[in-house]
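Just so you know, ligand 1 is whichever comes first in the structure, and atom 1 is the first atom listed for that ligand. Please read all numbers here as calculations on a predicted model, not as lab measurements.
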Amino acid sequence: MRFVILGPPGAGKGTQARTLSERLGIPQISTGDLLREHVQEGTSLGIEARTYMDRGEYVPDDLVVRMVEERLAEPDASKGFILDGFPRTVPQAIALERCLASSTHPLEAVVDFKISDRIAIRRIVGRYTCPACKRTYHAEWSPPATDMTCDADGHTLEKRSDEDELTVKRRLAIYRQQTAALEAFYAERDLLRAVDAEAPMVQVTERMLHAIDDVIRPERP
Ligand code: AP5
């Protein structure tokens, strides 16, 4: 099973991709997480990517595409994957299509989370992330059991460097300029499944599973 999750910053891509990954036993591949790992390790990709990420801009296509191609070649991706935050531009989508064409396993669905900028900003400004397991929490809607501590592994939760309101507004504007075009790209290929993501997490999960039901349970009429 091969999925892409599209949606603006704060739409809940990471949250729902994690749930889907646990449910289906296929890896969640988040380009944001992969890039942040490079930044943390101080690789040459990380050093270059950081300047874009801190400004809320996209990292150049060639760098991101190479990173994703390498990740998709790892053994755990052979049985399927959930791409979270990739592609974000038409050239990235074309590169993905080429990459999958040679593996004979095409994409099966593109879930497109719809959310207003107002809710997206509220979600991101209140978000805290575990630096180890990448689980996210929200100060209002899903706080950890113990203040600033990850429920799963006890690490101290952190804020990302691109989560202040001004940077979030910039990220949203860039999404509308550069990524919204992918809706038409995937609609033309009959892969697009729009999901209203302005609901509590459990309800969004139900909507997402319903939208891809034919892919995850193909034997059903
Ligand atoms: P990335 O890390 O991918 O950030 P993003 O796409 O901007 O998305 P976010 O991670 O901010 O939000 P999300 O939709 O995953 O929401 P989440 O589930 O966390 O990318 C960061 C940067 O890396 C980019 O700006 C760019 O520079 C670079 N980059 C990455 N990919 C790239 C690419 N392909 N090309 C070029 N550059 C690239 O949820 C948010 C919060 O809301 C959490 O606190 C969560 O608990 C809460 N929440 C989630 N769902 C709900 C709900 N239903 N109700 C209430 N709260 C909810």
Side-chain angles (χ1 to χ4, degrees), residues 4-21 28-40 45-46 48-69 71 82-93 95-96 111-130 134-144 150-151 157-165 167-179 182 195-208:
V4 160
I5 301 195
L6 274 185
K13 300 181 296 297
T15 304
Q16 298 298 338
R18 188 170 305 107
T19 302
L20 197 57
S21 165
Q28 165 193 12
I29 300 178
S30 155
T31 42
D33 285 346
L34 290 174
L35 288 164
R36 280 185 289 277
E37 279 169 25
H38 277 276
V39 170
Q40 206 173 356
L45 167 57
E48 188 166 355
R50 182 174 193 156
T51 56
Y52 297 96
M53 294 171 80
D54 284 349
R55 290 197 300 256
E57 293 169 9
Y58 286 174
V59 175
D61 288 338
D62 56 330
L63 299 179
V64 179
V65 166
R66 207 173 326 131
M67 181 182 77
V68 170
E69 283 172 351
R71 180 63 186 87
I82 302 152
L83 281 167
D84 157 13
F86 180 93
R88 278 182 211 228
T89 63
V90 171
Q92 289 182 16
L96 177 64
V111 178
D112 184 20
F113 284 143
K114 312 298 261 181
I115 188 174
S116 69
D117 285 4
R118 187 180 58 83
I119 304 253
I121 292 167
R122 233 176 122 189
R123 284 190 185 172
I124 294 184
V125 170
R127 173 172 59 189
Y128 290 91
T129 307
C130 173
K134 316 295 181 209
R135 199 168 293 270
T136 58
Y137 296 85
H138 192 278
E140 271 176 83
W141 299 310
S142 53
C150 179
D151 294 345
L157 303 180
E158 293 177 350
K159 285 298 284 172
R160 280 168 36 180
S161 59
D162 60 355
E163 288 181 323
D164 61 284
E165 192 166 336
T167 311
V168 175
K169 284 184 175 161
R170 186 168 173 73
R171 285 164 58 199
L172 285 164
I174 290 174
Y175 181 87
R176 308 284 176 213
Q177 282 160 15
Q178 298 197 41
T179 308
L182 290 183
V195 169
D196 178 353
E198 285 193 5
M201 285 178 205
V202 176
Q203 211 173 321
V204 176
T205 303
E206 278 168 15
R207 290 175 184 175
M208 170 181 69

Exercise. Can you check side chain to side chain contact (heavy atoms under 4.5 Å, CB included) on Ile174 and Glu57, steps first, answer last?
Worked result: CA-CA 7 Å; Ile174 290 174; Glu57 293 169 9; 3.9 Å; yes

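More than 12 heavy atoms of other residues, nucleotides or ligands shown are found within 6.0 angstrom of CD on Glu37. Counting non-hydrogen atoms of neighbouring residues, nucleotides and ligands closer than 6.0 angstrom, the CZ atom of Arg160 exceeds 12 such neighbours.
Asp61 pairs by the salt bridge (charged side-chain N to carboxylate O under 4.0 Å, His left out) definition with nothing, not counting sequence neighbours.
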Quick one: ligand 1 N/O to protein N/O pairs below 3.5 Å?
unit_1: ligand 1; atom_1: 2 (O); unit_2: Arg36; atom_2: NH1; d: 2.9
unit_1: ligand 1; atom_1: 2 (O); unit_2: Arg36; atom_2: NH2; d: 2.9
unit_1: ligand 1; atom_1: 2 (O); unit_2: Arg160; atom_2: NH1; d: 3.4
unit_1: ligand 1; atom_1: 2 (O); unit_2: Arg160; atom_2: NH2; d: 3.3
unit_1: ligand 1; atom_1: 3 (O); unit_2: Arg88; atom_2: NH2; d: 2.6
unit_1: ligand 1; atom_1: 4 (O); unit_2: Arg160; atom_2: NH2; d: 3.3
unit_1: ligand 1; atom_1: 6 (O); unit_2: Lys13; atom_2: NZ; d: 3.0
unit_1: ligand 1; atom_1: 6 (O); unit_2: Arg88; atom_2: NH1; d: 3.1
unit_1: ligand 1; atom_1: 6 (O); unit_2: Arg88; atom_2: NH2; d: 3.1
unit_1: ligand 1; atom_1: 7 (O); unit_2: Arg171; atom_2: NH2; d: 2.6
unit_1: ligand 1; atom_1: 8 (O); unit_2: Lys13; atom_2: NZ; d: 3.1
unit_1: ligand 1; atom_1: 10 (O); unit_2: Arg127; atom_2: NH1; d: 3.2
unit_1: ligand 1; atom_1: 10 (O); unit_2: Arg160; atom_2: NH1; d: 3.1
unit_1: ligand 1; atom_1: 11 (O); unit_2: Arg127; atom_2: NH1; d: 3.2
unit_1: ligand 1; atom_1: 11 (O); unit_2: Arg127; atom_2: NH2; d: 2.8
unit_1: ligand 1; atom_1: 11 (O); unit_2: Arg171; atom_2: NH2; d: 2.7
unit_1: ligand 1; atom_1: 12 (O); unit_2: Gly10; atom_2: N; d: 2.9
unit_1: ligand 1; atom_1: 12 (O); unit_2: Arg127; atom_2: NH1; d: 3.3
unit_1: ligand 1; atom_1: 14 (O); unit_2: Gly10; atom_2: N; d: 3.4
unit_1: ligand 1; atom_1: 14 (O); unit_2: Ala11; atom_2: N; d: 3.2
unit_1: ligand 1; atom_1: 14 (O); unit_2: Gly12; atom_2: N; d: 3.0
unit_1: ligand 1; atom_1: 14 (O); unit_2: Lys13; atom_2: N; d: 3.0
unit_1: ligand 1; atom_1: 14 (O); unit_2: Lys13; atom_2: NZ; d: 2.9
unit_1: ligand 1; atom_1: 15 (O); unit_2: Gly14; atom_2: N; d: 2.9
unit_1: ligand 1; atom_1: 16 (O); unit_2: Gly12; atom_2: N; d: 3.3
unit_1: ligand 1; atom_1: 18 (O); unit_2: Gly14; atom_2: N; d: 3.4
unit_1: ligand 1; atom_1: 18 (O); unit_2: Thr15; atom_2: N; d: 2.8
unit_1: ligand 1; atom_1: 18 (O); unit_2: Thr15; atom_2: OG1; d: 2.5
unit_1: ligand 1; atom_1: 19 (O); unit_2: Arg127; atom_2: NH1; d: 2.6
unit_1: ligand 1; atom_1: 20 (O); unit_2: Arg88; atom_2: NH2; d: 3.4
unit_1: ligand 1; atom_1: 27 (O); unit_2: Glu57; atom_2: O; d: 2.6
unit_1: ligand 1; atom_1: 31 (N); unit_2: Thr31; atom_2: OG1; d: 2.8
unit_1: ligand 1; atom_1: 31 (N); unit_2: Arg88; atom_2: NE; d: 3.1
unit_1: ligand 1; atom_1: 31 (N); unit_2: Arg88; atom_2: NH2; d: 3.2
unit_1: ligand 1; atom_1: 34 (N); unit_2: Gly85; atom_2: O; d: 3.0
unit_1: ligand 1; atom_1: 34 (N); unit_2: Gln92; atom_2: OE1; d: 3.0
unit_1: ligand 1; atom_1: 35 (N); unit_2: Gln92; atom_2: NE2; d: 2.9
unit_1: ligand 1; atom_1: 37 (N); unit_2: Val59; atom_2: N; d: 3.0
unit_1: ligand 1; atom_1: 44 (O); unit_2: Tyr137; atom_2: O; d: 2.8
unit_1: ligand 1; atom_1: 53 (N); unit_2: Arg123; atom_2: NH2; d: 3.3
unit_1: ligand 1; atom_1: 53 (N); unit_2: Ala199; atom_2: O; d: 2.7
unit_1: ligand 1; atom_1: 53 (N); unit_2: Met201; atom_2: N; d: 3.4

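Taking CG of Asp162 as the start and CZ of Arg171 as the end, the distance is 4.0 Å to the nearest 0.5 Å.
Relative to the ring axis of Phe86, Arg88 does not place its NZ or CZ within 45° and under 6.0 Å from the centre.
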